[in-house]
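Presented below is the structure to which this report refers.
In each ligand, atom 1 is the first atom listed, and ligand 1 is the first ligand listed.
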Amino acid sequence: MDERLKALKPYVPGEQPQGASYIKLNTNESPFPPSEKVLEAARAQAKDLNLYSDPQAKALCASVAAYYGVRESQVFVGNGSDEVLALIFYGLLRERGVVSSDISYGFYPVFAQLFCIDYKTVEVSEDFSIDARRFAGLKQNIVIANPNAQTGLYLPLSDIESLVCEDKDRIVVVDEAYCDFGGQSAVCMLNEYKNLIVVGTLSKSRQLAGGRVGFAIASEEIAEDLNRIKFCFNPYNLNRMSIAAGKAAFEDIVYFQKTTEAIVENRAYLSQRLESLGFELTQSLANFVLAKKKGISGDEMYKRLKQKGVLVRFLSDEKLKDWVRITVGSKKQIDILLEKINEIFLEDQGIR
Ligand SMILES: *Cc1c(COP(=O)(O)O)cnc(C)c1O
């Protein structure tokens, strides 16, 4: 095999146990099922699976555009935002290279390596926050997850704007996978700036992680570039059921609001309970919390919870070795998690 291929370090997704009945709080999926309207829309497409899907995915692009108040021609859709990000890295970020923060989404350096793109990071502050000034003056394109992956910390739009307007030739990609749980989207700045790309997914706030639907919103020129690349690679990147499900998910605003509000409420509940158990938490605006407890490493907490049937995420990053990332689940899931954590504490006190 090619030496370069042998040297590739692939992204390692969180565990997806098939069949086992874990309480699954490790990959930031929604604990709720897709809405009835989404299920109905997907079902209606099943009988036509012998026919190719719409390569333009027009119905989905139109509903994304309507939701965000942009033109349809500004929307690009893909097979999960991972694919959208891959095509952005491949097609748009290569020349100048990429800079991101050292704590962020683990897939960014993997794309950079795969496509031989120069990749640098700036360090987050002691409290894990991103200091936008550290990107100032850098020539590379910028990729920021906002709220940030792993920490859930949100960077105000004024900071994003300062990065976008500093150098109009540099592309700024804002990955808003977690934005619906309390952040404000950067889409409102697209009228003014042509070097901004906002990336989103239906995996976290719209119950479609398994449906694989992601999108980018940018200038018409950038959306056109992304489509040109896609048509060189996989024109039917979204299947019929996913296009229809994604469209219905964007249109079922009532269900979207109900479920995101529930997550925000549950996040407050989980945070408050963990704090009263002595955990330290980041100020997460995402559908997960990042938590640490003095005396137990992240790895140990992860392993002991797994033994008790609860999956959380341990991230091997040196800076995160004391922490675990816990997806905000349903109230019931949270209560089981808390019960298991209590058991661990009792075991450590030698009680029982
Ligand atoms: C989950 C996640 C993605 C990938 O989402 P998919 O649409 O499921 O591929 C991208 N970026 C960040 C920051 C994420 O957390």
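The heavy atom nearest to atom 15 (O) of ligand 1, out of those in Y108, Y105, F215, Y178, is found in Y178. Comparing G200, P147, S81, A145 against atom 5 (O) of ligand 1, the shortest heavy-atom distance belongs to S81.
Of all atoms in ligand 1, listed by their number and element, those nearer than 4.0 Å to a heavy atom of G80 are 7 (O), 9 (O). Each of the atoms 5 (O), 6 (P), 7 (O), 8 (O) of ligand 1 lies under 4.0 Å from some heavy atom of T201. Applying the 4.0 Å criterion to heavy atoms of S203 picks out, from ligand 1, the atoms 6 (P), 7 (O), 8 (O).
For Y178 and F288, the ring centers sit closer than 6.0 Å to each other.
Applying the salt bridge (charged side-chain N to carboxylate O under 4.0 Å, His left out) definition to pairs two or more places apart or across chains, those involving residues 208-222 are R71-E220, D82-R212. Applying the salt bridge (charged side-chain N to carboxylate O under 4.0 Å, His left out) test to pairs two or more places apart or on separate chains, those with a residue in residues 55-67 are K58-E72.
From the protein, the heavy atom lying nearest to atom 14 (C) of ligand 1 is K204 NZ, 3.0 Å. Annotation: atom 13 (C) of ligand 1 to nearest protein heavy atom, D175 OD2, 3.3 Å.
Contact analysis puts R212 in contact with ligand 1, with a non-hydrogen atom separation below 4.0 angstrom. Using a non-hydrogen distance threshold of 4.0 Å, G214 does not register as a contact of ligand 1.
For the pair S242 and G211, the tightest heavy-atom approach, listed with the atom from each and the gap, is OG-O, 2.6 Å. Across every non-hydrogen atom of F111 and A86, the tightest pair is CE2-CB, 3.5 Å.
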- Item | Verdict with supporting geometry, W323 and Y302, ring-ring contact (aromatic ring centres under 6.0 Å, His included) | CA-CA 9 Å; W323 301 77; Y302 153 74; over 10 Å; no
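Ion pair R206/D180 flagged as a salt bridge, since at least one NZ, NE, NH1 or NH2 atom sits closer than 4.0 Å to an Asp/Glu carboxylate oxygen.
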